[in-house]
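Below: one structure, written as structure tokens.
One-based numbering, in listed order, for ligands and for the atoms of each.
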Amino acid sequence: MGKAILFSAPSGCGKTTIIRELMQYFDCFDFSISATSRQMREGEVDGRDYYFLTRDEFMQRVGEEQFLEWEEVYQGVCYGTLKSEVRRIWEEGHVIVFDVDVNGGRNIKRYFGDDALSIFVMPPSVEVLEQRLRSRGTETEEAIAKRLGRSAEELKQAPYFDVTIVNDDLRTAVEQTRKVIEDFLNA
Ligand code: ADP
Ligand code: 5GP
């Protein structure tokens, strides 16, 4: 077994932004590309950001037991970690980076135990989280409402993670994250 770093947080807290910065720093990182049944956003690439599947294709893969874990994160929209991604990344000798919802994060941590470092990305406040979700400009009002609706419950789960990083100033958050990851990888 190799090692894994997993990032969880409510949507809009800054996981993707922090991961992008860290990928440039850690050569050993490889991102686990999840499958999802949601619509592709402008600028996203199939097979880079996600494997975009129809709901039927997604459920077929569930039936074939291709997922390590999967969740219906928002009503009617599923996301899942493919076992093939874990195999591929470890065969190449790399450290897996996961960006998953809070339940998925807890499940993956349970599965990998001490081989995984679980990081919860916390927004400075719920108001800032809402602002960031809106300014990202990728979601409809309905999707923003769904995401915010879920966030209160998700934020309560931070204590179940190994580390919590408050993403207020981005530079500081990236630096703090980089340090805890270095300690984990060198332990
Ligand atoms: P997530 O992947 O957790 O859904 P994103 O990384 O997409 O979140 O971030 C949501 C939005 O907030 C993006 O528009 C991003 O540019 C912005 N953002 C992320 N971190 C910060 C920060 N520290 N300060 C200001 N804006 C940020
Ligand atoms: P988004 O639609 O903003 O890309 O992602 C929505 C949520 O789904 C985020 O919290 C993201 O971390 C989560 N997510 C992405 N991939 C997976 C996955 O493979 N499994 C689980 N459980 N959640 C995921």
Any idea which protein heavy atom is nearest atom 16 (O) of ligand 1, and the distance to it?
-> Thr17 OG1, 4.1 Å
Is any N or O atom of Asp169, backbone or side chain, closer than 3.5 Å to an N or O atom of ligand 1?
-> no
Examine ligand 1 and decide if any of its atoms is less than 4.0 Å from a heavy atom belonging to Ala9.
-> no
Identity and distance of the protein heavy atom lying nearest atom 13 (C) of ligand 2 | Asp101 N, 3.4 Å
Using distance alone, decide if ligand 1 has a nitrogen or oxygen within less than 3.5 Å of any nitrogen or oxygen in Thr16.
-> yes
Residues Asn103 and Arg106: side-chain donor-acceptor under 3.5 angstrom = no
State, to 0.1 Å, how close Met122 and Ala158 come at their nearest heavy-atom pair, and which atoms those are.
-> CE-CB, 3.8 Å
Between Gln131 and Glu127, do the side chains contain an N or O donor and an N or O acceptor separated by less than 3.5 Å?
-> no
With heavy atoms under 4.0 Å as the rule, classify the contact between Trp70 and ligand 2 as side chain, backbone, both or neither.
-> neither
If you measure from each non-hydrogen atom of Arg41 to ligand 2, which part falls under 4.0 Å: side chain, backbone, both or neither?
-> side chain
Quick note on ligand 1: atoms under 4.0 Å from a heavy atom of Leu170 include exactly 23 (N)
In ligand 1, which numbered atoms sit nearer than 4.0 Å to a non-hydrogen atom of Asp168?
-> 22 (C), 23 (N), 24 (N)
For Ala173, is the nearest heavy atom under 4.0 Å from an atom of ligand 1?
-> no
Any heavy atom of Tyr50 sitting closer than 4.0 Å to ligand 2?
-> yes
Applying the side-chain contact (heavy atoms from CB on, under 4.5 Å) test to Phe29, which of Ile89, Ile96, Ile5 qualifies?
-> Ile5
With ring centroids as reference points, do Tyr51 and Tyr79 lie under 6.0 angstrom apart?
-> no
Answer with side chain, backbone, both or neither: which part of Leu133 has a heavy atom less than 4.0 angstrom from an atom of ligand 1?
-> neither
Is the closest heavy-atom distance from Ser135 to ligand 1 below 4.0 Å?
-> no
Identify, by atom number and element, the atoms of ligand 2 in contact range of Tyr74, meaning under 4.0 Å from any of its heavy atoms.
-> 6 (C)
Numbering as shown, the atoms of ligand 2 that approach Ala9 to under 4.0 Å (heavy-atom distance) | 10 (O)
